[in-house]
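Below you will find the structure I want to go over with you.
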There are 2 protein chains.
Amino acid sequence: MRLKLTDVAEKAGCSPTTVSRVINNYGYISQKTRDRVYAAMRELNYQPNTLARSLQGKRTKMIGVIMPSITNPFFAELVAAIEDKLEADGYKMLLCDAGQDSNKERRYLRMLEANQVDGIIAGSHNLGIEEYQLYGLPIVSFDRDLSDQVPIVTSDNYQGGCLATQALVDAGCGHVYFVGNPVKTGNPTSRRFDGYADTVAAAGLTVHTARSAFYESPAAKARELRELLTSGRKIDGVFCSDDLTAILLLKEARKLGIRVPEDLKIVGFDGTQLVQNYVPELATVVQPVPDLAGTLVKLLYERIADPEKKLAQNSYLLPVKLLRNQTV
Amino acid sequence: MRLKLTDVAEKAGCSPTTVSRVINNYGYISQKTRDRVYAAMRELNYQPNTLARSLQGKRTKMIGVIMPSITNPFFAELVAAIEDKLEADGYKMLLCDAGQDSNKERRYLRMLEANQVDGIIAGSHNLGIEEYQLYGLPIVSFDRDLSDQVPIVTSDNYQGGCLATQALVDAGCGHVYFVGNPVKTGNPTSRRFDGYADTVAAAGLTVHTARSAFYESPAAKARELRELLTSGRKIDGVFCSDDLTAILLLKEARKLGIRVPEDLKIVGFDGTQLVQNYVPELATVVQPVPDLAGTLVKLLYERIADPEKKLAQNSYLLPVKLLRNQTV
DNA sequence: TATTCTCTGTCAAGCGATTGACATATTTGT
DNA sequence: ACAAATATGTCAATCGCTTGACAGAGAATA
C-alpha cells in the first residue's frame with residue numbers, strides 16, 4: 001500500500017493534522033516538530049498524494065502544452081525550453097502533440113480540462129478560435145491569435161522577413177524569391193512573407209514566390225525546388241520561410257552545380273541549435289527560443305495567479321536575429 | 001464554477017448515482033436514461049473530474065516518459081511515436097526531459113510517484129539502478145538495464161554494428177574506424193561497438209576507435225574529427241555510433257576535399273526520418289522507432305494490467321535495418 | 001497573577017467522484 | 001397473476017488530504 005499522511009504522523013509521533021500543517025506551513029508549528037515530521041517523511045520516502053491535494057483545492061501544478069509535432073526541430077527545441085522552465089518551478093508538463101489533426105487537438109483540450117491543469121500553452125493551429133473560448137482556463141498562445149483574452153507570443157516574423165530579404169538585396173541579389181508555406185490568414189508566420197514583400201518592393205524588385213505546403217513530404221518539396229531551379233527563371237536569392245526548406249534548396253542547388261553563394265544566395269528561418277550545429281553554413285533568421293519559452297511561461301504564471309487581471313499587452317513580439325553565414 | 005456530476009444529474013432529471021452509473025457502465029441502466037444522461041453531458045460539455053475519479057481508485061491514465069533531451073532528433077521521434085500510441089489509447093503523457101541531470105531525473109521520479117501515474121517509460125541513463133527499485137510502479141525501460149524486474153526494449157545494437165561494419169568491409173575498406181561514444185558499461189549502446197569489433201576482427205582487420213562524449217558540443221566534436229582526418233592515419237571507412245556524428249564527419253571530409261565515398265566511406269546509426277529526409281545520402285543503420293515505441297507501450301500496458309505477472313521475456317531486441325546510400 | 005501567545009491535538013466537513021446496500025417501481029416471462 | 005429481471009433512487013462510506021473550529025497545555029509577557 002502506498003504511504004499516507006497517517007503513516008507519517010505515526011512515525012513522527014504526532015497527529016495527521018500536525019503533519020498536514022507542516023506540509024502546508026499552516027498554523028503554529030514548533031521547529032522541533034517540523035524537523036521530526038520532515039525526518040519521518042524522508043525516512044519513509046513519503047510523497048503527498050497530489051490527486052487528493054488538488055481535489056481539495058490546491059493547484060495541480062500541471063500545464064498542458066499543445067504543439068505541432070516535436071519531430072520538427074524548432075518545436076522540439078521550444079518544447080524542451082518550456083519544459084525546462086516549468087520543471088524548475090515545480091510544474092509538470094503534459095505534452096500534447098496535436099500534429100495536423102484537429103480531432104486530436106480537440107480531444108486533448110477536453111482531456112486537459114478534465115485533468116484540471118492549471119493552464120495551457122497552445123501552439124497548434126488546427127482548431128478555430130471558438131473552440132478555445134469554451135474553456136475557462138488560463139491560456140497563452142504561441143504564434144497564433146486566439147482571442148483578445150489570450151496573450152500571444154511570437155517572434156517578430158515581419159522583422160525577420162525584412163532582415164533576411166535585405167541581406168539578400170545587400171548582397172547584390174536582383175531576383176529574390178520567397179519559398180515557403182502558403183499564406184494562411186491568422187497565422188503570424190505569414191508575416192514573414194509580408195516582410196519579404198515590403199523589402200523587395202522597397203528595393204525596387206519584384207515579388208516572386210514558390211509556395212508549398214508545410215506538411216508536404218520533403219521529397220516532394222525537393223522535387224518542386226529542383227523544378228524551380230531548372231525552370232530557367234532568373235533567381236539569385238531565395239528567402240525560405242523555414243530552415244528545413246532552405247536545407248533542401250541548398251542540396252538541390254549543389255546537385256545542379258549551382259554555386260552557393262556565388263550563383264545563388266539563401267537565407268532560412270528558425271535558426272535552431274540543431275541546424276546551426278549541423279548546417280553551420282546556412283544563413284538564417286534566428287528565433288529567440290529561450291525568450292519565447294520564457295515569455296510564454298511567465299505570462300502563463302501571471303494568468304494563473306490572477307485569471308481576471310486585464311492584460312497589460314495582448315501581443316508579445318520578440319526580436320529575431322539575422323545570422324550571416326556562407327550561404328549569403 | 002466547474003460543472004460536476006450533480007449538475008448533469010439535474011439537467012438529465014435523474015440522480016447523481018445514475019449519472020455515475022452511466023459513466024462507469026455499472027448496474028442496470030435503460031437505454032433511454034443512458035441517452036438522456038449523455039445528452040446532458042454533451043450539452044453542458046461536462047468532463048468528469050479525473051482527480052476525483054482517480055482518488056477514488058480509478059487509473060489516472062497518465063504515463064511518465066523520462067527521456068534524454070528531445071532536442072536530439074532520435075529521441076524526439078521516439079517520444080512522438082510513444083505519445084501517439086498513448087493518446088490513441090486514452091493515455092496522457094507527462095514528458096520528463098531528464099537531460100544529463102541526475103537530480104532532475106530524481107525529482108521527476110518522485111513527482112511521477114506523487115502524481116500517481118499508472119506507469120513509467122524510462123530512457124534516461126543518469127540514475128543508478130537502485131533508484132528505480134524504490135518505486136513500486138510499472139516501469140519499462142528503453143536502452144537500459146534497470147533490473148530483471150524491468151523489461152528492457154532496445155534495438156539490436158550489436159547487429160547494427162555488424163551490419164554497418166560489414167557494409168564498409170564489403171565496400172572494400174581496409175581501415176575501418178569506430179567513432180562514437182565512450183563505452184559505458186550497462187549501456188546497451190556500447191553493443192554497437194562490439195558488433196563493429198567482432199566484424200572487423202572476422203575480416204582480419206584492426207580495431208581503431210576515436211571516441212568522444214555524447215554530449216560534447218558539436219563544434220568540439222567536429223574539431224576532433226578534423227584532427228582525425230588530417231592525422232595522416234590511413235582511414236577509408238568509418239562507422240559512427242550516431243547519425244549526427246556521421247554528419248559532422250561527412251562535412252569535415254568534404255571540407256578537406258576527401259571524396260565520399262571514393263576515398264572515405266561512412267555509415268551512421270539511428271536513421272531518423274529527419275536525417276533520412278535532409279541528409280538522404282547518408283548510409284545508416286535504422287532503428288525501428290515505431291516498433292520500439294509500440295513495444296514499450298504494449299509492455300507497459302501489460303505491466304499495468306498485472307504488475308505481479310512474471311515477465312515472459314526480460315529483454316526485447318528489435319531488429320535494425322541497414323540503409324545503403326551514397327556514403328558507402 | 002492574570003493575560004496573551006504559541007504549540008499540539010481532536011473532531012468534522014468538504015473536495016468530486018465511485019460503489020455497495022437497500023428500497024421501490026416498472027417491465028418481462030411463464 | 002406471480003416471480004424474476006430490470007431500472008432507478010436514497011443513503012452512506014470511502015479515496016487522501018486540507019482546513020477551520022475548538023480545547024487544553026505550556027511558555028512568555030505585562
Side-chain angles (χ1 to χ4, degrees), chain A residues 1-41 44-62 110-118 136, chain B residues 1-41 44-62 110-118 136:
Chain A
M1 206 35 221
R2 257 176 177 134
L3 293 167
K4 30 193 199 171
L5 206 60
T6 51
D7 298 316
V8 179
E10 203 174 323
K11 184 96 186 173
C14 65
S15 74
T17 305
T18 303
V19 176
S20 174
R21 280 179 183 149
V22 169
I23 292 174
N24 294 286
N25 216 6
Y26 170 81
Y28 291 116
I29 295 286
S30 71
Q31 194 55 47
K32 224 178 75 193
T33 326
R34 204 182 292 274
D35 293 344
R36 270 216 326 281
V37 169
Y38 276 128
M41 282 172 56
L44 296 173
N45 197 20
Y46 169 77
Q47 293 285 109
N49 184 329
T50 57
L51 260 40
R53 305 189 77 193
S54 302
L55 180 57
Q56 197 282 330
K58 293 241 181 274
R59 301 247 133 95
T60 55
K61 301 227 96 185
M62 215 152 60
R110 312 202 78 207
M111 181 277 276
L112 292 175
E113 205 189 17
N115 279 274
Q116 324 291 126
V117 295
D118 291 343
Chain B
M1 204 36 220
R2 259 178 176 134
L3 293 167
K4 31 192 197 172
L5 205 59
T6 50
D7 299 316
V8 179
E10 202 174 322
K11 184 96 187 171
C14 63
S15 74
T17 304
T18 303
V19 176
S20 175
R21 279 177 183 148
V22 168
I23 293 173
N24 295 285
N25 215 7
Y26 169 81
Y28 291 116
I29 296 286
S30 72
Q31 194 55 46
K32 224 179 75 194
T33 329
R34 202 182 294 275
D35 293 344
R36 269 216 328 280
V37 170
Y38 277 127
M41 283 173 53
L44 296 174
N45 199 19
Y46 167 78
Q47 293 286 108
N49 184 328
T50 57
L51 261 40
R53 305 189 78 192
S54 302
L55 180 57
Q56 198 282 332
K58 292 239 182 278
R59 300 250 135 95
T60 55
K61 300 230 96 186
M62 214 151 60
R110 311 202 77 208
M111 180 279 275
L112 291 175
E113 205 189 17
N115 279 273
Q116 325 290 125
V117 294
D118 290 344

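Chain identifiers are assigned alphabetically (A, B, ...) following the order of the sequence lines, protein sequences preceding nucleic acid strands; residue numbering begins at 1 within each chain. All heavy atoms count here, side chains included; hydrogens, waters and symmetry mates do not.
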In B/S/- notation, 5' to 3', how is nucleotides 19-30 of chain C contacted by protein heavy atoms closer than 4.0 Å?
BBB---------
Testing B:Val22, B:Val37, B:Val19 one by one against B:Ile29 for a side-chain contact (heavy atoms from CB on, under 4.5 Å), which residue passes?
B:Val22
What is the distance, to the nearest angstrom, from the CG atom on A:Leu55 to the P atom on D:dT14?
17 Å
It should be established whether A:Arg53 places a side-chain nitrogen or oxygen under 4.0 Å from OP1 or OP2 of nucleotide D:dT18.
yes
When rounded to the nearest 0.5 angstrom, what distance separates NZ in A:Lys4 from OH in A:Tyr46?
10.0 Å
Euclidean distance, atom CZ of residue A:Arg36 to atom C1' of C:dG9 [Å, nearest integer]
13 Å
Measure from CZ on B:Arg34 to P on D:dT8 and round the result to the nearest Å.
9 Å
Using atom types as modelled and distance alone, determine if a side-chain donor or acceptor of A:Arg21 lies under 3.5 Å from a backbone N or O of A:Gly27.
no
Shortest non-hydrogen separation from A:Ile23 to A:Pro48 and the atoms involved:
CD1-CG, 4.3 Å
Nearest whole Å is fine: how far is C:dA17 C1' from B:Ile23 CD1?
9 Å
Between C1' of D:dG16 and CD of B:Gln116, the distance in whole Å:
9 Å
With a 4.0 Å limit, can you tell me whether B:Thr50 has a side-chain N or O closer than that to the phosphate oxygens OP1/OP2 of C:dA17?
no
With a 4.0 Å cutoff (strictly under), does any side-chain N or O of A:Ser15 reach OP1 or OP2 of C:dG9?
yes
Take a 6.0 Å sphere around NZ of A:Lys61 and say whether it holds more than 12 heavy atoms from other residues, nucleotides or ligands.
yes
Distance-only donor-acceptor check, side chains B:Arg110 and B:Asn115, under 3.5 Å:
no
Side-chain atoms of A:Leu5 come closest, of D:dT18, D:dT8, C:dA17, to D:dT18
Between C1' on D:dA7 and CG on B:Asn25, what's the gap in Å once rounded to a whole number?
14 Å
Mapping A:Tyr28 and B:Pro48 to their closest nucleotides on DNA chain C, which lands nearer the 5' end?
A:Tyr28
Mind calculating the distance between CE (B:Met41) and P (C:dA17) to the nearest angstrom?
10 Å
Categorize A:Ile29 for me: base, sugar-phosphate, or nothing, with a 4.0 angstrom heavy-atom threshold over every strand shown.
sugar-phosphate
Starting at atom NZ of B:Lys32, determine the distance to atom P of D:dG9, rounded to an integer number of angstrom.
11 Å
Would you say a side-chain N or O of A:Thr18 is under 4.0 Å from OP1 or OP2 of C:dG9?
yes
Can you figure out which of D:dA7, C:dC7, D:dG16 approaches the side chain of B:Thr33 most closely?
D:dA7
Distance-only donor-acceptor check, side chains B:Thr33 and B:Ser30, under 3.5 Å:
yes
